[in-house]
Amino acid sequence: MSWQAVVDDNLMDRGLASAAIFHVYGNLLAASQSFSYKSEEITVILQGFENPAATKGNGFSLGGTQYSILMAETDVVIGKKGTQGICIKKIINTLIIIGICDKPMEIGRCAAIVEDIADAYAS
């Protein structure tokens, strides 16, 4: 299965507003049509996995939206901006999967979708 099929069939078809998969070096592998980003935003997100405490304090921006952090660890970041939620999951130093949701989907559901797909590709 291609990475684009993973985005389309396994993330977007489950109700996310937008989604993407990146290599941990910042290269985009696949994205939904609604996903927007700047390469420097991805760089900041990747650096945040190295220092989750700094990410919690500063938050991060993606697609021009500044997210506050609800949880930041070395392999997952969950954030929020208004009615939008975001979950970013790092898979064993190879990929990051990004899922963004909006109401009525709750952030917990967004995180469950992203982490479910990440777990499927981590092995």
Side-chain angles (χ1 to χ4, degrees):
M1 179 179 286
S2 73
W3 291 122
Q4 190 61 52
V6 172
V7 168
D8 295 340
D9 302 338
N10 296 43
L11 295 168
M12 296 304 294
D13 280 358
R14 293 174 74 181
L16 295 179
S18 61
I21 299 174
F22 286 84
H23 190 273
V24 292
Y25 297 120
N27 302 336
L28 178 66
L29 300 175
S32 63
Q33 289 182 341
S34 55
F35 187 84
S36 67
Y37 75 101
K38 295 178 184 171
S39 60
E40 56 269 14
E41 294 172 328
I42 299 302
T43 300
V44 169
I45 289 168
L46 290 169
Q47 291 169 346
F49 284 113
E50 301 301 320
N51 187 357
T55 302
K56 283 181 185 177
N58 299 327
F60 64 88
S61 181
L62 185 63
T65 300
Q66 180 67 31
Y67 291 94
S68 60
I69 303 302
L70 302 175
M71 182 179 88
E73 298 177 1
T74 57
D75 67 337
V76 66
V77 175
I78 297 175
K80 180 180 178 172
K81 168 68 177 192
T83 61
Q84 281 191 333
I86 187 167
C87 178
I88 306 171
K89 177 73 174 177
K90 182 178 178 184
I91 305 173
I92 315 171
N93 294 322
T94 56
L95 303 172
I96 61 167
I97 299 176
I98 301 173
I100 299 173
C101 68
D102 208 344
K103 291 287 182 186
M105 182 181 284
E106 297 293 328
I107 296 171
R109 178 72 182 131
C110 176
I113 291 167
V114 170
E115 292 195 46
D116 181 48
I117 299 305
D119 290 346
Y121 286 92
S123 52

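Interatomic distance, CZ of Phe49 versus CG of Asn93, reported as 10.5 Å (0.5 Å rounding). Separating the CD1 atom in Ile117 from the CG atom in Asn10 is a distance of 4.0 Å, to the nearest 0.5 Å. Ser18 OG to Leu11 CG: the interatomic distance, rounded to the nearest 0.5 Å, is 10.0 Å.
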- Could you go step by step and tell me if Ile113 and Met105 meet the side-chain contact (heavy atoms from CB on, under 4.5 Å) rule? CA-CA 11 Å; Ile113 291 167; Met105 182 181 284; 3.8 Å; yes
- Ile100/Leu16 under side-chain contact (heavy atoms from CB on, under 4.5 Å): CA gap, chis, key distance, verdict: CA-CA 6 Å; Ile100 299 173; Leu16 295 179; over 6 Å; no
- Checking side-chain contact (heavy atoms from CB on, under 4.5 Å) for the pair Ile86/Ile78: CA distance, chi angles, key distance, verdict? CA-CA 6 Å; Ile86 187 167; Ile78 297 175; over 6 Å; no
- Does the pair Phe22 and Trp3 meet the rule for a ring-ring contact (aromatic ring centres under 6.0 Å, His included), with working shown? CA-CA 10 Å; Phe22 286 84; Trp3 291 122; over 10 Å; no
- Message: Does Val76 form a side-chain contact (heavy atoms from CB on, under 4.5 Å) with Cys87? I'd like the steps, not just the answer.
- Response: CA-CA 7 Å; Val76 66; Cys87 178; 4.0 Å; yes
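By the side-chain hydrogen bond (donor to acceptor under 3.5 Å, both in side chains) test, Thr94 is found to be paired with no residue, residues two or more places apart in sequence or in another chain being considered.
Side-chain contact check for Val77 versus Tyr67: every heavy-atom pair is 4.5 Å or farther apart. At a threshold of 4.5 Å between non-hydrogen side-chain atoms, the residues Val6 and Ile21 count as touching. Taking 4.5 Å as the limit, every side-chain heavy atom of Thr43 sits out of range of all side-chain heavy atoms of Ile45. Annotation: side chain of Phe60 is in contact with side chain of Ile69 (closest heavy-atom distance under 4.5 Å). Counting heavy atoms from C-beta outward, Gln84 and Thr65 have side chains that approach closer than 4.5 Å. When side chains are defined from C-beta on, Ile107 counts as touching Leu70, because their heavy atoms get closer than 4.5 Å. Side-chain contact between Val44 and Ser61 is absent, with no heavy atoms from C-beta onward closer than 4.5 Å.
Within the structure, every pair that satisfies the salt bridge (charged side-chain N to carboxylate O under 4.0 Å, His left out) test and touches residues 44-63, not counting sequence neighbours, is listed here: Glu50-Lys90. Applying the salt bridge (charged side-chain N to carboxylate O under 4.0 Å, His left out) definition to pairs two or more places apart or across chains, those involving residues 67-79 are Asp75-Lys89.
Counted within 6.0 Å of CD on Gln33, heavy atoms from surrounding residues, nucleotides or ligands total 12 or fewer; the atom is thus considered open.
For Val7 against Ala30, the heavy-atom pair with the smallest separation is CG2-CB, 3.8 Å. Shortest non-hydrogen contact noted between Cys110 and Gly99 is SG-O, 3.4 Å. Here the shortest heavy-atom pairing between Gly26 and Leu46 reads N-CD1, 3.7 Å.
At a cut-off of 3.5 Å, with distance as the only test, a side-chain donor of Asp8 or Gln4 sits close to an acceptor on the other residue.
Between Phe35 and Tyr37, the ring planes lie tilted relative to each other; the angle falls in the 30° to 60° range.
Proximity of a side-chain donor or acceptor of Ser34 to a complementary backbone N or O of Ala17 within less than 3.5 Å is detected. Remark: the backbone N or O of Ala19 is paired with a side-chain donor or acceptor of Ser32 at under 3.5 angstrom.
Residues Leu28 and Val114 do not share a hydrophobic cluster, defined by chaining ILVMFWY side chains whose heavy atoms lie under 4.5 Å apart. In the hydrophobic cluster analysis, where Ile, Leu, Val, Met, Phe, Trp and Tyr join through side-chain heavy atoms closer than 4.5 angstrom, Ile92 is grouped together with Ile97.
Ion pairing between a basic and an acidic side chain is recognised when a charged N comes within 4.0 Å of a carboxylate O; Arg14 and Asp116 show such pairing.
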